[in-house]
K.L.:
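Have a look at this one before I ask anything.
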Amino acid sequence: MACNCCNNRRRSTPGYTLVENSTAQTWAATGGLLQPGFVLEHSSADNISISGSSLSVENTGTYYIDVKVTGTPATASATVIPTININGIPVASDPRTGGATPIVEEFGVRTIEFLKKGDIITISNTGASALTITGVTSPGYNVSIVIERFN
């Protein structure tokens, strides 16, 4: 009798979630949480849900998280440092920080992490300057978060 072990394995559903925000907000310095906005589109996998400033993981898997925020730093001598947190703990990432100048800049951070169902993702600003994020009209967005589940 031949073994058909593949039929006994649970298959995971890769997919993506695009979260965007177009409303004005002030992203506080030294730990302030970003308001991500709403799910603009997603694949049929529904891997991420939103509650306030938290993104909840609905399915266990390996995720790519890419965050982009556009705004003006509030302090001329400090920086804005976007940081991805999993269950309140900053994860290793390579944030793209900008100098605090009076011009609109794009700030970003990305990482790949293995996440479990129920994990909470937040995006904090660990820099010394707040970021003023102005409201934009559709179809523009000032916060864009792409979360893709690989497996």
Side-chain angles (χ1 to χ4, degrees), residues 6 8-74 78-100 103-151:
C6 292
N8 294 331
R9 291 175 42 190
R10 290 181 60 194
R11 294 192 174 221
S12 59
T13 306
Y16 70 92
T17 304
L18 175 59
V19 177
E20 296 194 327
N21 198 344
S22 60
T23 59
Q25 62 180 296
T26 299
W27 193 13
T30 59
L33 295 180
L34 182 68
Q35 295 300 314
F38 57 94
V39 174
L40 180 66
E41 65 182 61
H42 57 84
S43 63
S44 60
D46 292 332
N47 289 313
I48 301 294
S49 62
I50 300 174
S51 177
S53 60
S54 299
L55 303 159
S56 299
V57 176
E58 301 297 327
N59 296 296
T60 299
T62 302
Y63 287 82
Y64 168 72
I65 305 167
D66 185 6
V67 179
K68 291 187 176 86
V69 181
T70 303
T72 306
T79 58
V80 173
I81 304 173
T83 303
I84 297 169
N85 308 291
I86 307 300
N87 300 322
I89 300 169
V91 298
S93 59
D94 185 19
R96 187 176 68 148
T97 61
I103 62 171
V104 174
E105 296 183 65
E106 183 179 271
F107 298 86
V109 62
R110 61 183 168 247
T111 190
I112 296 175
E113 295 290 325
F114 179 78
L115 302 174
K116 297 179 202 152
K117 180 177 181 170
D119 281 348
I120 302 296
I121 303 166
T122 54
I123 314 302
S124 63
N125 175 8
T126 57
S129 176
L131 187 68
T132 302
I133 303 170
T134 57
V136 294
T137 57
S138 186
Y141 298 98
N142 51 28
V143 174
S144 181
I145 303 170
V146 176
I147 302 176
E148 184 174 353
R149 181 171 168 226
F150 296 127
N151 60 14

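Note that this is a predicted model, so its numbers are computed, not measured.
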K.L.:
Is the closest side-chain heavy-atom distance between Ile145 and Pro36 below 4.5 Å?
P.N.:
yes

K.L.:
Would you check if the side chain of Thr17 reaches a backbone N or O of His42 as a donor-acceptor pair within less than 3.5 Å?
P.N.:
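No.
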
K.L.:
Go through the steps for Asn47 and Ile147 under the test side chain to side chain contact (heavy atoms under 4.5 Å, CB included), then give the verdict.
P.N.:
CA-CA 9 Å; Asn47 289 313; Ile147 302 176; over 6 Å; no

K.L.:
Can you name the closest pair of heavy atoms from Gly118 and Asn87 and give their distance?
P.N.:
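It is O-OD1, 4.4 Å.
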
K.L.:
Treating Asn125 as the side-chain partner and Ile81 as the backbone partner, does any N or O pair qualify as donor plus acceptor under 3.5 Å?
P.N.:
yes

K.L.:
For the atom pair OH (Tyr64) and OG1 (Thr111), what is the distance rounded to the nearest 0.5 Å?
P.N.:
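Reported to 0.5 Å precision, the distance equals 9.5 Å.
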
K.L.:
Would you give the length of the straight line joining atom CZ of Phe38 to atom CG of Asn21, rounded to the nearest 0.5 angstrom?
P.N.:
7.0 Å

K.L.:
Is the closest side-chain heavy-atom distance between Val91 and Asn85 below 4.5 Å?
P.N.:
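No, every pair of side-chain atoms sits at 4.5 Å or beyond.
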
K.L.:
Rounded at 0.5 Å granularity, tell me how far CG in Leu55 sits from CG in Leu115.
P.N.:
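The CG atom of Leu115 is 10.5 Å from CG of Leu55, to the nearest 0.5 Å.
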
K.L.:
Ignoring hydrogens and geometry, is there a side-chain-to-backbone donor-acceptor pair from Ser129 to Ala74 under 3.5 Å?
P.N.:
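Between the backbone of Ala74 and the side chain of Ser129 there is a qualifying donor-acceptor contact (under 3.5 Å).
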
K.L.:
Can you see which heavy atom on Ser124 is nearest to which on Gly31, and at what distance?
P.N.:
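Distance-wise, the nearest heavy atoms are CB-O, 4.1 Å.
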
K.L.:
To check you understand the geometry: which heavy-atom pair defines the closest contact between Ser43 and Pro14, and what is its length?
P.N.:
OG-O, 4.3 Å

K.L.:
Asn142 side chain to Thr23 main-chain N or O, any donor-acceptor pair under 3.5 Å?
P.N.:
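Answer holds: yes.
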
K.L.:
What's the spacing between Ile86 CD1 and Glu113 CD if we round to 0.5 Å?
P.N.:
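Spacing of CD1 (Ile86) from CD (Glu113) equals 6.0 Å.
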
K.L.:
Could you state the interatomic distance from CG (Asn151) to CZ (Phe114), rounded to the nearest 0.5 Å?
P.N.:
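Between Asn151 CG and Phe114 CZ, I get 7.5 Å after rounding to 0.5 Å.
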
K.L.:
Grab the two heavy atoms, one from Gln25 and one from Leu34, that are nearest each other, plus how far apart they are.
P.N.:
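Minimum heavy-atom separation between Gln25 and Leu34: OE1-CD1, 3.8 Å.
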
K.L.:
Looking only at non-hydrogen atoms, find the nearest pair between Gly127 and Ala29 and report the distance.
P.N.:
O-CB, 3.4 Å

K.L.:
Nearest 0.5 Å, what's the CG-CG distance between Asn59 and Asp119?
P.N.:
12.0 Å

K.L.:
Does Thr83 form a side chain to side chain contact (heavy atoms under 4.5 Å, CB included) with Val109? I'd like the steps, not just the answer.
P.N.:
CA-CA 7 Å; Thr83 303; Val109 62; over 6 Å; no

K.L.:
For Gly61 versus Arg149, what's the shortest heavy-atom pair and its separation?
P.N.:
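Smallest heavy-atom distance, with atoms named: CA-NE, 3.9 Å.
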
K.L.:
For Thr60 and Lys117, indicate whether the former's side chain and the latter's backbone hold a donor-acceptor pair under 3.5 Å.
P.N.:
yes

